[in-house]
Trainee: 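First the structure, which I've put down as structure tokens, then a few questions once you've had a look.
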Amino acid sequence: MLTIGVLGAARITDNALLKPAAEVDGVEVTAVAARSRGRAQEWAAKHGIPTVHDSYEALLADPAIDAVYIPLPNGLHGRWTLAALEAGKHVLCEKPFTANANEAREVAAAAASSPLVVMEAHHTSHHPQTKRAAEIVASGILGDLVSAEASFIVPMPPSNDIRWNVDLAGGSLMDLGCYPLRWLRDVLGTVPTVVSAAASDRDGIDASMDARLDYAGVPARVRAAMWTTPPLLIGATVVGSAATMKVRIPYAPQTGGKISVTGEGVRLREKATSKASYTFQLEAFRDAVLAGGPVLTDAAAAVDTMQTIDDVYRAAGMQPRRVS
């Protein structure tokens with residue numbers, strides 16, 4: 001049995017961990033700690049979590065916990081991943097992995113020198129639809145690759161939401177753009193270089209980001225936005241000389257994802273399984289910890305993603321998210 005403690009009573013934990021844990025054998029969520037004990041107690045009572053700790057440090061010191069899930073604000077991911085490793089805990093850390101590439105390299109170095117599992121929670125990478133899209137590209141059915149595009153645009157009006165807090169490493173690229181960046185890497189099979197970028201800067205936060213990249217000779221566009229026109233755009237396209245692949249709902253395929261390939265003499269339509277990407281992710285985390293299984297979204301890959309994010313910010317004339 002893999003016992004998991006949660007650092008922070010974040011809303012995402014329900015879908016990202018608790019629901020999958022109810023389906024995945026060999027995993028149990030046993031403890032939580034939050035900024036206040038009262039908040040942690042309320043959250044634990046709601047979700048049936050047996051143990052509440054007074055602090056993050058107390059949870060990490062609990063010998064009954066094997067691993068921790070970290071859904072804290074972006075700017076706290078690196079600090080608490082390092083603390084968890086020092087405490088001897090395996091880590092499943094939400095994306096983006098850290099506040100910037102330098103911090104990611106520090107965490108990756110600690111992970112590389114430890115026998116513990118460190119996994120970035122890029123759940124989309126674990127879903128079969130993503131793997132299938134990569135297989136289609138690799139098959140050559142699209143012909144020579146001409147271009148690619150992936151977008152994640154969702155309205156999030158400016159408010160007290162942490163996504164609009166520069167001190168917590170918020171921003172559209174950090175919270176939304178990391179998805180299409182990682183998806184294109186998974187599907188095209190290479191780490192990109194940044195060509196150019198343009199951002200809508202709102203007091204140091206990118207309300208939107210439009211980046212041009214190069215994936216080993218394939219020009220690509222990544223768009224992310226929390227407040228822009230169009231108000232909602234979630235999808236991905238890979239254009240080849242022989243056919244075009246369009247992917248509907250690439251970042252949560254279980255909610256109606258679909259792959260369509262169209263070209264002269266080519267027509268393919270495939271619906272995604274409704275099994276959640278979070279469930280596939282938790283299975284992979286369990287297998288990595290208990291059986292030495294592979295870690296698809298490991299710390300080394302996270303460094304590459306964070307470096308790309310930093311490079312996009314610089315290309316857009318903005319400083320990467322720097323926090324203490």
Trainee: Going by an N to O cut-off under 4.0 Å, is there a salt bridge joining Arg37 and Asp54?
Mentor: yes
Trainee: Between the main-chain N or O of Leu72 and the side-chain N or O of His77, is there a donor-acceptor pair closer than 3.5 Å?
Mentor: yes
Trainee: Does this structure show an ion pair linking Glu270 with Lys258, if we count only N-O contacts that are shorter than 4.0 Å?
Mentor: no
Trainee: So that I can tick it off, tell me whether Arg223 and Glu149 are bridged by a salt bridge, with the cut-off set at under 4.0 angstrom between side-chain N and carboxylate O.
Mentor: yes
Trainee: Could you check whether Tyr278 and Gln254, counting side-chain N and O atoms only, form a donor-acceptor pair closer than 3.5 Å?
Mentor: no
Trainee: Kindly write out the residues that satisfy side chain to side chain contact (heavy atoms under 4.5 Å, CB included) with Leu116, not counting sequence neighbours, or none if the list is empty.
Mentor: Leu85, His90, Ser114
Trainee: Ring centroids only, cut at 6.0 angstrom: are Tyr179 and His123 within range, meaning strictly under it?
Mentor: yes
Trainee: Among Leu17, Leu92, Val24, find the one that has a side-chain contact (heavy atoms from CB on, under 4.5 Å) with Gln281.
Mentor: Leu92
Trainee: Check whether any side-chain N or O of Lys89 sits under 3.5 Å from a backbone N or O of Asp62 as a donor-acceptor pair, and report yes or no.
Mentor: yes
Trainee: Side chains of Ser172 and Asp206: any donor to acceptor distance under 3.5 Å?
Mentor: yes
Trainee: Is it true that a side-chain atom of Thr3 and a backbone atom of Ala64 form a donor plus acceptor pair closer than 3.5 Å?
Mentor: yes
Trainee: Please tell me if the side chains of Val32 and Thr51 come closer than 4.5 Å, counting only heavy atoms from C-beta onward.
Mentor: no
